[in-house]
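Since the structure comes first, as C-alpha cells, the remarks are kept for the end.
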Amino acid sequence: MPPSARAPRLAVLVALVGAVALMTWPAPQALVSGELLGHATGDLADHVQGAWAFVEDLRSGRDPLRTHLSHYPTPLPLWFVDPLGALLGAAGWRIDAARSWDLVLLAQVFLATAVAYGAGRDLTGARSAGLLTAAIAGPSPYLLSLLHSGLSEMVGLAPLIGAIWASLRATGRDPRGRPAPRWMAPLAGLLIGLCAWQAFYYAAFAGLFLLCCVPGRGLLARLRPVAIAGAGALVVAAPALALLWGTLRGAGGAVGEHNAPGWASGGPPPATDLLTFLRPGAYYFPDTPALGNPGILHVNYLGWVALLLALLALLRPRSAGPRAAPLALPAALYGLLMLGPGLVLGGRHLGLPLPLALLYLGPSPFALVHHPYRMVAVGMVLLGLLAGLASLRLSPALRLLLAGAVLAETALLSPAPWPLQTTPLPGPAAWQERPRGGSGLAPDATAQNRRYQLAQLRHGRAVPYGVNVFLPDALAEDALVNGLLRDLDDPRARARNRDVPARRDPVPAARPGPSQLAEWGFGALILHRDALSPAEWARADQRLRAAWGPPTRTGSWGAAWTLRR
C-alpha cells in the first residue's frame, strides 16, 4: 500500500481512538490507577463480578451456567448477561479484574465507533461523512449512560450497528444504489443472531428494524433476503434465548422474574418520555436519581446537531450521488416505534397508545423487552447515517467540524454524565485481616452487597451475595443468620435494591436447630463496623459472642469469628 493511501487511513484511526479516549474520560486514567469505570450503585459490581466468575468457572471446568462463586452455599441456574464481554477480557480477569473491565469497555466502545464509521463510510462514500456518523452513533449520550450504569452487555453495540448496515444493504436500501451481494442477507442474519448473545434486546431491535426495511416499492423483492436473514438470525440466536429463558422462567433461577428489576412489576412496560429525546441537561425518565438510584441513568437524548442534519437529509434529498430516500421509510417506521408503547410528555402519561403497544399484546415474544427506551440504540445509528448523507453537501472540513460539535454537545449539553465516574475496588486491609475462607455479613442490597462482590475480585473466594439478591434463602433461614437479620434496625430497608423495594419478607422463618454455616464450608464470619449502626453492632456482637465466644480477630475494620466443624 503506497504512503498516499496509508495516510488517510492512519488519520481516521487516530481520530477514532482520540474520540473514544476523550468521550470515555477518565477511562484511560483509570487503566493506570486500577479503578473501575462506572458508578458504584449501578450494575457495575454485578457485571464485573459476573464476568470474572464466568471465566473462572470455565477455567476450572465448572458449568458456567450455574453459580459457584456467588449466591453461596446453593449453586443456582444463572445466565450471565455479557458472555461475549467476559470472553473478550478472559486473558486478564485473573491478572487484574479492574483493568480488564476497563479495557473490555474501551474495546467495545472503539469497536462500536469503528463499525459506525465503516457503515457511514460505505453508505456515503466519504471518509469525513463516516467520521460524522461515528461521532453520532459511537460515543453517543446513550452509550455514555451505559458506561455510567455498568451495563457492559449493552455497551457491545458493534454487532447491532453492523446488523443495521447489513440489513440496509441486503434489502436494497443502499443510498449509493448498489446491488446487494448474495452474502449480505446471511451476514445480516448472523449479526442479528450475534446480538442475542451480546444483549437479547439488541436482537429484538435489529429484527424489528429488518422488518421496517420491507414496506415500500419493491416489497416483494425484499421478502427473500429478509426471510434468509430472519432464518439465519433465529438459528444463531436460539441457544442464547433458550438459556436466558431457562433462567428467567425456570425453577430456582438466580435471576428470574421474581427478583430481576422490571420483570415482576405487574404493570405495563416503561414508556419513553418524548422530551428525553430532545431536552438537554439532566432530564431523565424514569427519574432514577430522584428515586434514590443515581447509579442507573436512562439517556435517550438524540442531539440537536444530529437531528437537524437528519432533517436536512430527509427534506432536501440529493438529485445526484448517494441519497437519503432509501433510508427514509425504514427510519420513519422505526422512529415511530421508538417512541414507546404509550405517549409520555414531560413525565405525564397522556393515555394515548402508540404502535409499539401492539407488540405487547398476547404472547408476543417482544413482551420480554421491559425497557423499550433502549430502542434508541438503533435510532442513533439511523441518525448518524442520515446526518452523514446530509453532510455530503458540505466540505470535508466542515463535516469534521460538525463531528466535533456532536462530541461537544454529547459531553457538555446532553443528560449523559461526562467525565464518567469511576469506582475503586474496596481496600484490601479488612480482607487481609480476615481468617481464611471468611465471608462478610452486614448485608445491604444497595451498597454492602456490591462492596462484597467487588472485594471478591481481590480474595477470589465464594461469597453468598449475588445479582439482585439480599441473601440466599438457605442462608437467611439459618438459625444464627436469621437472628442477625432480625437484629437489624430495618431489614426491609436493608433489602431495598436501590429504587426497587424488597418484593418479599427479607427475614423468612428460621429453620430449627443449630447454625449450619460451618457445615456449608464457611471458614469465618466477619462483621464490618462501618456497615452497621452502633445499635446494630452491639446486638450482632452480643449474639455472636453468645454463640461462638469472643471474636478470633478484631480491628478498626470490625471483628471476625473463625468457624470450626
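Values reported hereafter were calculated over all heavy atoms of this structure, with side chains retained and with hydrogens, waters and symmetry mates removed.
At least one donor-acceptor pair closer than 3.5 Å links the side chain of Tyr202 to the backbone N or O of Met154. In this structure, Ser149 contributes its side chain and Leu297 its backbone to a donor-acceptor pair below 3.5 Å. With Trp101 contributing its side chain and Leu37 its backbone, the two residues share a donor-acceptor pair below 3.5 Å. Trp197 places a side-chain N or O within donor-acceptor distance of the main-chain N or O of Val236, the cut-off being under 3.5 Å. Without hydrogens or angle criteria, Ser395 side chain to Leu398 main chain gives a donor-acceptor distance under 3.5 Å. The closest donor-acceptor contact from the side chain of Arg323 to the backbone of Pro175 lies at 3.5 Å or more, if one exists at all. At least one donor-acceptor pair under 3.5 Å links the side chain of Thr133 to the backbone N or O of Gly384. Side-chain atoms of Trp304 come within 3.5 Å of backbone N or O of Leu278 as a donor-acceptor pair. For Tyr201 (side chain) and His370 (main-chain N/O), a donor-acceptor pair under 3.5 Å exists by modelled atom type. Between the side chain of Ser100 and the backbone N or O of Gly92 there is at least one donor-acceptor pair closer than 3.5 Å.
Between Asp122 and Arg169, at least one side-chain N (NZ, or NE/NH1/NH2) sits under 4.0 Å from a carboxylate O, which counts as a salt bridge.
Rounded to the nearest 0.5 Å, atoms CD1 (Ile296) and OG (Ser145) are 9.5 Å apart. Interatomic distance, Arg348 CZ to Leu350 CG, rounded to the nearest 0.5 Å: 6.5 Å. To the nearest 0.5 Å, atom CE of residue Met380 and atom OH of residue Tyr142 are 10.5 Å apart. With values rounded to the nearest 0.5 angstrom, Leu425 atom CG is found 4.5 Å from Leu36 atom CG. One distance of note links CZ of Phe205 with CG of Leu210; it measures 15.0 Å at 0.5 Å rounding. Rounded to the nearest 0.5 angstrom, Leu106 CG and Leu31 CG are separated by 5.5 Å.
Pairing each heavy atom of Arg176 with each of Arg121, the nearest pair is NH1-O, 4.1 Å. When every heavy atom of Leu105 is checked against every heavy atom of Ser152, the shortest pair comes out as CD2-CB, 4.0 Å. Nearest heavy atom pair, residue Ala40 against residue Thr423, reads N-OG1, 3.2 Å. Minimum interatomic distance between Ala137 and Ile161 (heavy atoms only, all atoms of both residues): O-CD1, 4.1 Å. In plain terms, the two heavy atoms of Thr410 and Ser140 that are nearest each other are CG2-C, 3.9 Å. In plain terms, the two heavy atoms of Arg173 and Pro215 that are nearest each other are NH2-O, 2.5 Å.
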Next on the checklist: With side chain to side chain contact (heavy atoms under 4.5 Å, CB included) as the criterion, how do Leu84 and Leu194 come out once you've worked through the C-alpha distance, each side chain's angles and the decisive distance to 0.1 Å?
Outcome noted: CA-CA 10 Å; Leu84 297 186; Leu194 187 60; 3.9 Å; yes

Checklist entry - Which is it for Phe277 and Thr272 under the side chain to side chain contact (heavy atoms under 4.5 Å, CB included) test, yes or no, and what are the steps along the way? => result CA-CA 9 Å; Phe277 293 120; Thr272 303; 3.5 Å; yes

Item to check | Test log, rule side chain to side chain contact (heavy atoms under 4.5 Å, CB included), inputs Tyr117 and Val12 | outcome: CA-CA 9 Å; Tyr117 164 77; Val12 166; 3.6 Å; yes

Checklist entry - Hey, mind stepping through Tyr283 and Asp273 against side chain to side chain donor-acceptor pair (under 3.5 Å) and telling me if it holds? => result CA-CA 10 Å; Tyr283 182 77; Asp273 189 335; 2.5 Å; yes

Checklist entry - Between Leu144 and Met23, is a side chain to side chain contact (heavy atoms under 4.5 Å, CB included) present by the stated rule, with each step listed? => result CA-CA 8 Å; Leu144 294 189; Met23 299 306 292; 4.2 Å; yes

Next on the checklist: Using side chain to side chain donor-acceptor pair (under 3.5 Å), reason through Gln421 and His148 one step at a time and then give a plain yes or no.
Outcome noted: CA-CA 6 Å; Gln421 187 140 351; His148 171 90; 4.9 Å; no

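The shortest distance between side-chain heavy atoms of Leu394 and Leu402 falls below 4.5 Å. Within the 4.5 Å cutoff, the side chain of Pro341 has no heavy atoms near those of the Leu354 side chain. Considering only heavy atoms from C-beta on, Val344 comes within 4.5 Å of Phe285 through its side chain. Annotation: side chain of Leu336 is in contact with side chain of Leu339 (closest heavy-atom distance under 4.5 Å). A 4.5 Å side-chain heavy-atom check between Val48 and Leu457 finds at least one atom pair inside the cut-off. Taking the side chain as every heavy atom from C-beta outward, Val104 and Gln108 approach each other to under 4.5 Å. In this structure, the side chains of Val226 and Thr171 come closer than 4.5 Å at one or more pairs of heavy atoms. Considering only heavy atoms from C-beta on, Tyr334 comes within 4.5 Å of Leu382 through its side chain.
For the side chain to side chain donor-acceptor pair (under 3.5 Å) criterion with Arg498, the lone passing option out of Asp43, Thr41, Thr288 is Asp43. Among the candidates Leu187, Val381, Leu385, the single residue satisfying the side-chain contact (heavy atoms from CB on, under 4.5 Å) test with Trp165 is Leu187.
When the shell of 6.0 Å around CZ of Arg224 is examined, it contains 12 or fewer heavy atoms from other residues, nucleotides or ligands.
Annotation: Tyr360 is in aromatic contact with Phe366 [ring centroid separation under 6.0 Å].
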